[in-house]
Asker: 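Structure incoming, see below.
Everything quoted here is computed from the prediction, not taken from an experiment.
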Amino acid sequence: MSIEVRNIHKKFGDFTALDNVTLKFPDGKLTALLGPSGCGKTTLLRIVAGLEHPDSGHILLDNESATQRHVRERHVGFVFQHYALFKHMTVFENIAFGLRVKPRKLRPSEAAIREKVAQLLELVQLDWLADRKPAALSGGQRQRIALARALAVEPRVLLLDEPFGALDAQVRKELRRWLRRLHDELQVTSIFVTHDQEEALEVADEIVVMNHGKVEQVGTPASVYNQPATPFVYSFLGDVNLFRGRVHNGYLETGDASFHAPTHQDVRDIQGTAYVRPHDIDIERYTAGAKGLVVRLERIHAVGPLAQLELLRSDTDELIEVVISQDRLRHLQLKESESLVVQPRQVHIFLDHAA
């Protein structure tokens with residue numbers, strides 16, 4: 001099912017949760033709504049589900065207006081962060097619940113319900129837990145049961161609100177890989193809300209980055225990470241160093257150094273900021289006349305395959321974070337407090353008037 005929202009506006013008192021949001025969600029794809037708390041992503045998800053109503057705007061499901069449709073008429077499956085399982089029911093009965101409460105003329109037979117639940121338990125790889133109560137399950141198992149219950153009614157759209165937010169890091173990582181494989185098998189149009197950048201980049205086919213009730217950027221995980229459209233997207237999707245200066249004739253002058261900015265050849269003396277990922281910076285020992293920024297090595301944090309270096313700019317005393325391989329660290333034989341030179345390999349510059 002294709003989903004489209006047009007000019008959605010929603011306020012709660014004086015707070016604007018969604019500010020004229022227009023989006024199309026690809027049919028059969030897994031889309032992540034990504035952004036900080038309070039950016040409007042959960043409100044948008046609930047409006048698509050029919051659990052909230054917009055102040056203005058339209059919801060289209062398969063190109064037909066669904067704005068006034070009741071939640072039961074939208075054929076939506078919803079998975080909440082905190083499972084929302086019925087504590088007094090077994091796993092089997094939790095999954096069967098949506099089928100049992102259907103109107104009599106649409107309700108499957110008892111045999112069909114049992115067959116469907118058995119299939120879903122096998123799908124989520126928990127068929128051996130059918131007779132247990134939710135209290136006897138781990139958090140990851142409960143969330144898989146919640147997903148099976150949402151799938152039982154054969155929804156045309158699957159909506160997930162921070163589905164792994166209540167789980168510890170290792171379980172969360174395992175479940176998001178499992179969700180990606182499950183989606184590839186089912187191909188149901190899905191939207192999930194998350195504030196976890198790594199989760200969105202790993203799981204989603206498409207990412208919608210939101211901030212203050214507006215859409216900042218829409219694209220594939222690779223495109224939003226590698227070609228961020230706004231300073232917010234660049235800063236939100238991973239660590240970044242900021243180098244402030246003035247842009248003139250294709251260069252950003254920052255302190256004692258200058259960075260090439262070929263996309264700004266026609267700019268004449270405008271304040272700007274260079275955004276550089278920690279892993280996109282070359283580092284060498286300082287020698288007289290070396291090109292780049294002179295820094296002092298403040299701290300080395302070397303755990304795992306990568307080493308994180310904290311550097312202090314000699315001209316502004318601003319902190320710079322650089323990530324290099326352990327092999328590179330061993331080769332350089334760096335010591336804290338020594339002088340180094342850094343030179344960005346990849347720079348993205350935003351002009352202040354454009355930001």
Side-chain angles (χ1 to χ4, degrees), residues 34 164 167-177 180 195-204 207 220-228 231 233-245 251-263 272-350:
L34 175 66
F164 311 133
L167 306 173
D168 63 60
Q170 185 59 40
V171 174
R172 195 161 64 237
K173 197 164 189 175
E174 292 172 359
L175 274 187
R176 67 192 188 210
R177 289 173 179 166
R180 181 66 252 184
H195 63 269
D196 186 322
Q197 301 91 327
E198 183 181 338
E199 186 169 281
L201 292 169
E202 181 179 333
V203 174
I207 294 176
T220 64
S223 67
V224 296
Y225 186 84
N226 295 318
Q227 292 95 39
V233 175
Y234 214 118
S235 298
F236 193 73
L237 290 178
D239 296 328
V240 65
N241 296 293
L242 306 184
F243 299 92
R244 297 174 179 84
Y251 284 87
L252 179 132
E253 306 291 337
T254 174
D256 299 330
S258 64
F259 302 153
H260 191 208
T263 58
T273 303
Y275 287 66
V276 184
R277 300 285 185 202
H279 59 265
D280 283 330
I281 298 179
D282 288 325
I283 186 168
E284 297 288 350
R285 276 198 167 78
Y286 172 77
T287 56
K291 290 186 176 181
L293 279 173
V294 180
V295 298
R296 184 175 73 249
L297 178 55
E298 293 289 299
R299 182 172 180 264
I300 301 172
H301 181 66
V303 177
L306 300 175
Q308 178 181 311
L309 311 180
E310 292 182 6
L311 314 171
L312 200 66
R313 285 181 61 167
S314 299
D315 54 355
T316 65
D317 282 342
E318 291 177 295
L319 198 65
I320 301 171
E321 182 180 301
V322 175
V323 174
I324 61 175
S325 68
Q326 289 279 13
D327 288 342
R328 180 67 175 155
L329 180 66
R330 284 190 289 269
H331 173 75
L332 290 171
Q333 293 291 302
L334 299 177
K335 295 181 176 61
E336 291 184 0
S337 298
E338 69 177 310
S339 293
L340 308 169
V341 175
V342 297
Q343 184 71 34
R345 289 192 303 274
Q346 186 169 323
V347 177
H348 200 125
I349 294 173
F350 292 99

Asker: Of the non-hydrogen atoms in Asp239 and Pro278, which two are nearest, and what is the gap between them?
Answerer: O-CD, 3.2 Å

Asker: Give me the atom names and distance for the closest heavy-atom approach of Ala200 to Pro221.
Answerer: O-CG, 4.4 Å

Asker: Hey, mind stepping through Glu310 and Leu319 against side-chain contact (heavy atoms from CB on, under 4.5 Å) and telling me if it holds?
Answerer: CA-CA 7 Å; Glu310 292 182 6; Leu319 198 65; 4.3 Å; yes

Asker: How many angstroms lie between CD in Glu199 and CG in Leu175, if you round to the nearest 0.5 Å?
Answerer: 9.5 Å

Asker: What are the two closest heavy atoms between Ala261 and Ile349, and how far apart are they?
Answerer: CB-CD1, 3.2 Å

Asker: Between the side chain of Gln326 and the main-chain N/O of Ala307, is any donor-acceptor distance below 3.5 Å?
Answerer: no

Asker: Salt bridge check: are Arg180 and Glu202 linked by an N-O gap of less than 4.0 Å?
Answerer: no

Asker: What's the spacing between Asp317 CG and Arg296 CZ if we round to 0.5 Å?
Answerer: 7.0 Å

Asker: Are there over 12 heavy-atom neighbours, none belonging to His279, within less than 6.0 Å of that residue's NE2?
Answerer: yes

Asker: Given Arg176 and Glu198, is the side-chain contact (heavy atoms from CB on, under 4.5 Å) satisfied, shown in steps?
Answerer: CA-CA 10 Å; Arg176 67 192 188 210; Glu198 183 181 338; 2.7 Å; yes

Asker: Looking only at heavy atoms, what is the nearest atom pair of Tyr275 and Pro231, with distance?
Answerer: OH-CB, 3.1 Å

Asker: Looking at Gln343, Arg328, Arg345, which hits side-chain hydrogen bond (donor to acceptor under 3.5 Å, both in side chains) with Asp282?
Answerer: Arg345

Asker: With no hydrogens and no angle check, is any side-chain donor or acceptor of Glu321 less than 3.5 Å from a backbone partner on Asn241?
Answerer: no

Asker: Is a side-chain donor or acceptor of Arg277 paired with a backbone partner of Tyr234 at a separation under 3.5 angstrom?
Answerer: yes

Asker: Using modelled atom types and a 3.5 Å cut-off, is there a donor and acceptor pairing between side-chain atoms of Arg285 and backbone atoms of Leu332?
Answerer: yes

Asker: Rounded to the nearest 0.5 Å, what's the gap from OG1 on Thr273 to CZ on Phe350? Could you check?
Answerer: 9.5 Å

Asker: Measure the CG-CG distance between Leu306 and Leu329 for me, rounded to the nearest 0.5 Å.
Answerer: 10.5 Å

Asker: Looking only at heavy atoms, which two atoms of Pro228 and Val233 are closest? And how far apart?
Answerer: CB-CG1, 3.8 Å

Asker: Using the side-chain contact (heavy atoms from CB on, under 4.5 Å) rule, pick out the option among Leu309, Leu297, Ile320 that qualifies with Ile283.
Answerer: Leu309

Asker: Between Leu34 and Leu201, is the side-chain contact (heavy atoms from CB on, under 4.5 Å) condition met? List the steps.
Answerer: CA-CA 10 Å; Leu34 175 66; Leu201 292 169; 5.9 Å; no

Asker: Before accepting this row, confirm whether a basic side-chain N of the pair Arg313/Glu298 lies closer than 4.0 Å to the acidic partner's carboxylate O.
Answerer: no

Asker: For Arg244, does its backbone N or O pair with a side-chain atom of Thr254 as donor and acceptor, under 3.5 Å?
Answerer: yes

Asker: Please check if the side chain of Asp280 supplies one atom and the backbone of Val276 the other of a donor-acceptor pair under 3.5 Å.
Answerer: no

Asker: Dump the intermediate steps for side-chain contact (heavy atoms from CB on, under 4.5 Å) on His348 and Val240, then the final yes or no.
Answerer: CA-CA 11 Å; His348 200 125; Val240 65; over 6 Å; no

Asker: Enter the distance from Gln333:CD to His331:NE2 here, rounded to the nearest 0.5 Å.
Answerer: 9.5 Å

Asker: Taking all non-hydrogen atoms of both residues, which atom of Leu334 and which atom of Ile300 are closest, and how far apart?
Answerer: O-CD1, 4.0 Å

Asker: Side-chain atoms of residues 286-294: list all donor-acceptor pairs with protein atoms under 3.5 Å, sequence neighbours left out, distances to 0.1 Å.
Answerer:
none

